[in-house]
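So the structure is just underneath, and the comments pick up after that.
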Amino acid sequence: KPHQFWETQPMPNINELESLKPGPIQEGILADVRKDPYNLISKFEWCNVDLRNDEQAQQVYTLLKENYVEDDDNMFRFDYSIEFLRWALLPPGQHPDWIVGVKVNQKLVGFITGIPVTLHIENQQTKVKMTEINFLCVHKKIRANRLAPVLIKEITRRVHIKNMWQAVYTAGIVVPTPISQTRYYHRSLNAKKLIEVGFSSLSARQTIARQQKLYKLPEEPKTQGLRPMKKKDVAQVTKLLNEYLKQFKLYFKYTEDEVKHWFLPRKDVISTYVVEKEQGVVTDFLSFYNLPSQVIKNPKHTHLRAAYSYYNVATQTPIVQLMYDALILAKNEGYDVFNALDIMENEKFLKELMFCPGDGQLNYYLYNWKLESNMLKPEEIGIVLV
Ligand SMILES: COc1cccc(CC(=N)NC(=O)c2cccnc2OC2CCNCC2)c1
C-alpha cells in the first residue's frame, strides 16, 4: 500500500498525466473548508509556534536538530540555526498560523511550516498566490502514528481558509508526483575535513595532500568590484533578479521588501555579494546560505559547515567566474563544502569548477496543479528552497 496518503491528494497520478488539463486539479470552494483543526490522538495538541519567542524557537531548533532530514547513509543531519529559521520563516506577509506545531505535555513533537509566495508557472500570464511548505518533522520516537499526514492536512486546511489552493515543496523521497527531479552537487573547500568526517573518501591512488592541492583556491576573488550587498543595492538587485528569473518555467516575483528580507546579508545565515564596477551600477550578484550538518558519530568533528548556492545573477561577469568567486568567498567565510543543485544555469559551472555529484536527488512538487509539460527539466526550475 505505498503512498496510501498521497493517492487521496489532488496530485496527478501516472495515468492521468495525459488526460488532466493544465491548471488546478481540484477547484477550491471556500465554503467547504473545515473551520476547526483536524482531530489529534489524545494528549496531542496543536500550537502556533512564535519563532520570535526564544523558548519556542529553541524548542523548534532542538526538534529539528535531533529529528529532521539525514543523508542516505545517516551520517549527517541538517542543523538549522534559530537565526536561520527566523530568516526562512518570518518573511514579509507571513501568517502566524502557518508555523504549526504539535505538542505532548508541552513538548514539541511535530512541526510543519508554510510561507506565502507568488509563483509564476510555465510563463503563464497568471501568477498563482500559494504557500511554500517546508520543515515537516515528526519526532523519531513517535513515528508510524500517521502524524505526518495529519500535519499536512492541517496546514492544507489553514492555507485553504485563506482562499489559497496550491503549494510548492521539495523532498528527497519520491511520492506522487514530482514536477522535476534535480540532482545535488558539492564542491570541496576543506578536503581534509571532508575526508575526516566521511563526507568524501579517498580512492587508492589519492592522498589528502593531493586532494588539498586539487581543490586549492586563490586567497581573493577575481571579479573587480565584488563586495557584500548593502541596503542601497536593494532596488538594483530586485530589478536584476526579477528580470533574470523570467527565463525559467517556475519562478517567484520579488518585491523590494522581499529582496531586503531574502538577500541582505545576515551573519551565519545568508551571504550576498554584488558586482559594482563603475560608480553605483550593480551588474551581477551571487548568494549562498549557511546550513550546517551535525556529524552524527565522529570522534573529531561535531559539524560540517556547508554553504548552499542560493540565487546567482550574472549579466556582465561570466557565470563560471562569478561562481569561482563564490567558492573563494565561502572558503574565506570558513565553509568546508559548497553545495548546489543542477537547476537554473548551474550546469554551466558544476563540472568546470570541480563539483562532484551527490548520492541523492531533490524532487520538486506542486500541489493541486497540472503542468502543461508533465515534468520540467532541472534547468527550467528557477526557485530555490532552503
Ligand atoms: C551533508 O549533510 C546532509 C544532511 C541531510 C541531508 C543531506 C542530503 C540532502 N538531502 N541534501 C539536500 O537535500 C540538498 C542538496 C543540495 C542543495 N540543497 C539541498 O537541500 C536543501 C533544499 C531543500 N531543503 C533542504 C536543504 C546531506
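We're numbering straight along the sequence, starting at 1. Values reported hereafter were calculated over all heavy atoms of this structure, with side chains retained and with hydrogens, waters and symmetry mates removed. Just follow the structure's listing: the first ligand is 1, and inside any ligand the first atom is 1.
For atom 8 (C) of ligand 1, the closest non-hydrogen atom of the protein is Y184 OH, 3.5 Å. Here the heavy atom of the protein found nearest to atom 27 (C) of ligand 1 is D71 CB, 3.9 Å. For atom 2 (O) of ligand 1, the closest non-hydrogen atom of the protein is S293 OG, 2.8 Å. Scanning the protein for heavy atoms near atom 24 (N) of ligand 1, the closest one is V386 O, 3.2 Å.
A salt bridge links R34 with D36: at least one charged nitrogen is closer than 4.0 Å to a carboxylate oxygen. A salt bridge links K192 with E196: the closest approach of a Lys/Arg side-chain nitrogen to an acidic carboxylate oxygen falls below 4.0 angstrom. Between E347 and K377 no salt bridge is recorded (no basic side-chain N to carboxylate O distance below 4.0 Å). Between D54 and R86, at least one side-chain N (NZ, or NE/NH1/NH2) sits under 4.0 Å from a carboxylate O, which counts as a salt bridge. Between K193 and D336, at least one side-chain N (NZ, or NE/NH1/NH2) sits under 4.0 Å from a carboxylate O, which counts as a salt bridge. Look at K249 and E122 and you find no salt bridge, because none of the NZ, NE, NH1 or NH2 atoms lies under 4.0 Å from a carboxylate O. The residues K260 and D257 are annotated as salt-bridged, a charged nitrogen and a carboxylate oxygen being separated by less than 4.0 angstrom.
Where the criterion is an N or O separation shorter than 3.5 Å, residue side chain and backbone included, F76 fails it with respect to ligand 1.
Counting heavy atoms under 4.0 Å from ligand 1, residue E70 touches it through the backbone alone. For Y308, every heavy-atom contact with ligand 1 shorter than 4.0 Å involves the side chain, none the backbone.
Close to ligand 1: Y80, with a non-hydrogen atom less than 4.0 angstrom away. For Y289, the closest heavy-atom approach to ligand 1 falls below 4.0 Å.
Per-residue contacts place L385 under 4.0 angstrom from the following atoms of ligand 1 (heavy atoms of the residue considered): 22 (C). Near L362, meaning under 4.0 Å from one of its heavy atoms, ligand 1 places the atoms 13 (O), 22 (C), 23 (C). Ligand-side atoms of ligand 1 in range of T170: 23 (C), range being under 4.0 angstrom from any heavy atom. Using a 4.0 Å cut-off to heavy atoms of L291, the atoms of ligand 1 that qualify are 26 (C).
Two residues are said to be in side-chain contact when any heavy atoms from C-beta on lie closer than 4.5 Å; L189 and V337 fail this criterion.
T177 and M11 get closest at one heavy-atom pair: N-CE, 3.8 Å.
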